Amino acid sequence: MFLVTPTPQDGTGDARQKQRHLQSNWPGKKPAQSNENENRDKKRQEEREYRKHLFWGMIMIALGLTVAVSTNYLVMFSGILAEMERSSGISPDNTLNAALVTGTITLLVWITWFVIFSWGVRMRRSWAGFVAYLCAVAFTAVTVIASSIMNFNGLTHKNTRPMFLLDATYEASNRANDVTNAAASAKAVLPSLKALESDSCTLAKGEQKNGLASGTGRGFGAATAALVSTCAGVRTLREALAQKVIDAEQKTERVNTILEKLLRSVDDRKIPILDREDRFRNGIAELDSLMRSFRNQGLGKAVEAGVSTLNNLVASVDASSGIKGGARVVINGLKQKLSGASIALKEVLVGQKALMDHSPSHRASLTEISARYWWHFPSHVAIAVFLDVWPLAMYSFGLLYSVRRKKPKRAPTKRRFPLNSDKLKELEQ
């Protein structure tokens, strides 16, 4: 039994019109208006579900953001206050200043991220969502610079500051030991200078009395002047160098005593960290004083002057100088000994080059200290960065959720065309 429905008059429509007419009047087929209402209700339901999930997600994100910025506040406050106390000591002004600055930053971070979370995921246009995401990335970069560094300082400064003090004290001790070694090297040259002084003064006395070197028997002339000058110059150099060696040894011994006490105190947990830093600064000031003395007017300068003195104390002579052969041999032999002593002092000077180039110690900031030991605390680095990068990660998930798109499902062929060709022919009869 077949259902007969009114059809268009013959010649008034083609096969497609007949097909649409039959589909619209097929039993069980819902009106087009009903389908539109169902689709609209379905979209409303999906939107309600989306907003419900977004609402609960925002609650959880707001809770997590509140806890994160609170932790951020504590560690950032600790880092900022520690840097202030290192420079000006403990005072209520420092505490208030650090609290206000840190509180303002954390509040603004909370507000900014909450606005980004609330508005960013509602930007349905592609260009607006892209711009919002770029802004979120830029803001994350700013917070990493402004917040994460101070977070890491606040998390680690109680560990890194004692480590820095101990290592810097060891470095100062090594530098003081270098001065001791330089004094010992210069002291080792003194016996050869003493022998050279004895030889030159003996020849000078002999030449002055009876012309021993020149064979003139008169005790004056170019040979006498050269030998007397050598004797006086070597004696002055040896005495000055010996005195500088004694001064350097005394000052170095004093500095070493200070540094030994400092090594014990900087690693003593019972002593407050600010007191340890004050003692460290005093010890480094003593070392800088020793290094300035060594470089400007102490042993280093004496050795440098000694090399020049030995090279210029006496000149080589030849037949054109007017000095007889015996005196020329004596003077040239003395010149060779002076050159040998000069080479020995040059070796001492080469070993002192690093000490001569020493620059005064500078006060390292808390950021420098923390950066120096960052690889000791990988988990602390991760914590400091995670506190500021986490909101961007959550925003990325929220953005992906808000802009998700479902591919429209194509209706099955039988649903779109429920009547096959045989049915159509039967209905047309």
Side-chain angles (χ1 to χ4, degrees), residues 40-82 96-157 367 370 374 377-408:
R40 193 178 299 111
D41 292 340
K42 185 177 179 180
K43 290 181 179 179
R44 289 198 191 99
Q45 182 64 25
E46 289 179 354
E47 185 68 16
R48 282 194 294 268
E49 290 292 328
Y50 162 73
R51 290 183 179 276
K52 183 181 71 173
H53 292 304
L54 185 62
F55 171 75
W56 287 108
M58 281 299 301
I59 290 178
M60 298 302 296
I61 290 174
L63 178 61
L65 189 62
T66 302
V67 175
V69 297
S70 299
T71 305
N72 241 334
Y73 174 84
L74 292 175
V75 293
M76 193 191 308
F77 172 76
S78 178
I80 294 177
L81 183 61
L96 179 61
N97 190 4
L100 291 176
V101 170
T102 309
T104 302
I105 292 175
T106 52
L107 178 61
L108 294 179
V109 167
W110 192 94
I111 293 174
T112 304
W113 273 118
F114 195 81
V115 169
I116 292 175
F117 282 129
S118 301
W119 295 353
V121 295
R122 300 178 188 273
M123 296 179 181
R124 302 300 179 88
R125 296 182 180 274
S126 59
W127 66 267
F130 180 72
V131 172
Y133 191 77
L134 289 181
C135 292
V137 172
F139 183 68
T140 300
V142 172
T143 55
V144 167
I145 297 173
S147 176
S148 296
I149 295 175
M150 295 310 300
N151 288 347
F152 182 69
N153 293 348
L155 287 170
T156 61
H157 74 92
T367 301
S370 298
W374 69 268
F377 307 96
S379 60
H380 292 71
V381 175
I383 291 171
V385 176
F386 177 78
L387 288 173
D388 291 319
V389 175
W390 173 82
L392 179 63
M394 294 306 301
Y395 177 64
S396 301
F397 282 112
L399 192 63
L400 291 174
Y401 176 75
S402 65
V403 299
R404 74 193 191 283
R405 291 290 185 267
K406 292 184 178 180
K407 293 181 65 177

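From a predicted model like this one, the values you see are computed outputs, not experimental measurements.
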Answer whether the closest heavy-atom distance between the side chains of [X] and [Y] falls below 4.5 Å.
| X | Y | answer |
| --- | --- | --- |
| Phe114 | Ile61 | no |
| Val137 | Tyr395 | no |
| Ser70 | Leu74 | no |

How long is the span from the [atom1] atom in [X] to the [atom2] atom in [Y], to the nearest 0.5 Å?
| X | Y | atom1 | atom2 | answer |
| --- | --- | --- | --- | --- |
| Ile105 | Leu100 | CD1 | CG | 11.0 Å |
| Met150 | Leu81 | CE | CG | 10.0 Å |
| Leu392 | Tyr133 | CG | OH | 4.5 Å |
| Thr102 | Ile80 | OG1 | CD1 | 3.5 Å |
| Asn151 | Phe386 | CG | CZ | 13.0 Å |

Pair Thr106-Asn72, side-chain donor/acceptor within less than 3.5 Å: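 Side chains of Thr106 and Asn72: no pair found under 3.5 Å.
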
With side-chain contact (heavy atoms from CB on, under 4.5 Å) as the criterion, how do Leu107 and Ile111 come out once you've worked through the C-alpha distance, each side chain's angles and the decisive distance to 0.1 Å? CA-CA 6 Å; Leu107 178 61; Ile111 293 174; 4.0 Å; yes

State which residues pass side chain to side chain donor-acceptor pair (under 3.5 Å) with Tyr73; sequence neighbours excluded, sorted by chain then number.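 Checked Tyr73 against side chain to side chain donor-acceptor pair (under 3.5 Å); zero matches.
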
Using the side chain to side chain donor-acceptor pair (under 3.5 Å) criterion, which residues pair with Ser78? Sequence neighbours excluded.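 Partners of Ser78 under the side chain to side chain donor-acceptor pair (under 3.5 Å) test: His157.
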
Thr112 side-chain N/O to Val109 backbone N/O, donor-acceptor pair under 3.5 Å: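 Side chain of Thr112 to backbone of Val109: no pair is present.
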
Test your reading of the model: is there a side-chain donor-acceptor pair from Ser148 to the backbone of Ile145, 3.5 Å cut-off?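 Flag not set: sc Ser148 to bb Ile145 has no pair under 3.5 Å.
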
Evaluate side-chain contact (heavy atoms from CB on, under 4.5 Å) for Trp113 paired with Thr140, printing each intermediate quantity in order. CA-CA 10 Å; Trp113 273 118; Thr140 300; 3.3 Å; yes

On a heavy-atom basis, which atom in [X] and which in [Y] lie closest, and how many Å separate them?
| X | Y | result |
| --- | --- | --- |
| Ile383 | Leu155 | CG2-CD1, 3.9 Å |
| Phe117 | Pro391 | CZ-O, 3.3 Å |
| Ser147 | Met76 | OG-CE, 3.2 Å |

Hey, what's the ring geometry for Phe377 with Phe152, parallel, tilted or perpendicular (30° and 60° as the breaks)?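 The arrangement is perpendicular - the two ring planes meet at more than 60°.
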
Test Trp390 against Leu65 for side-chain contact (heavy atoms from CB on, under 4.5 Å), laying out the working first. CA-CA 9 Å; Trp390 173 82; Leu65 189 62; 4.3 Å; yes

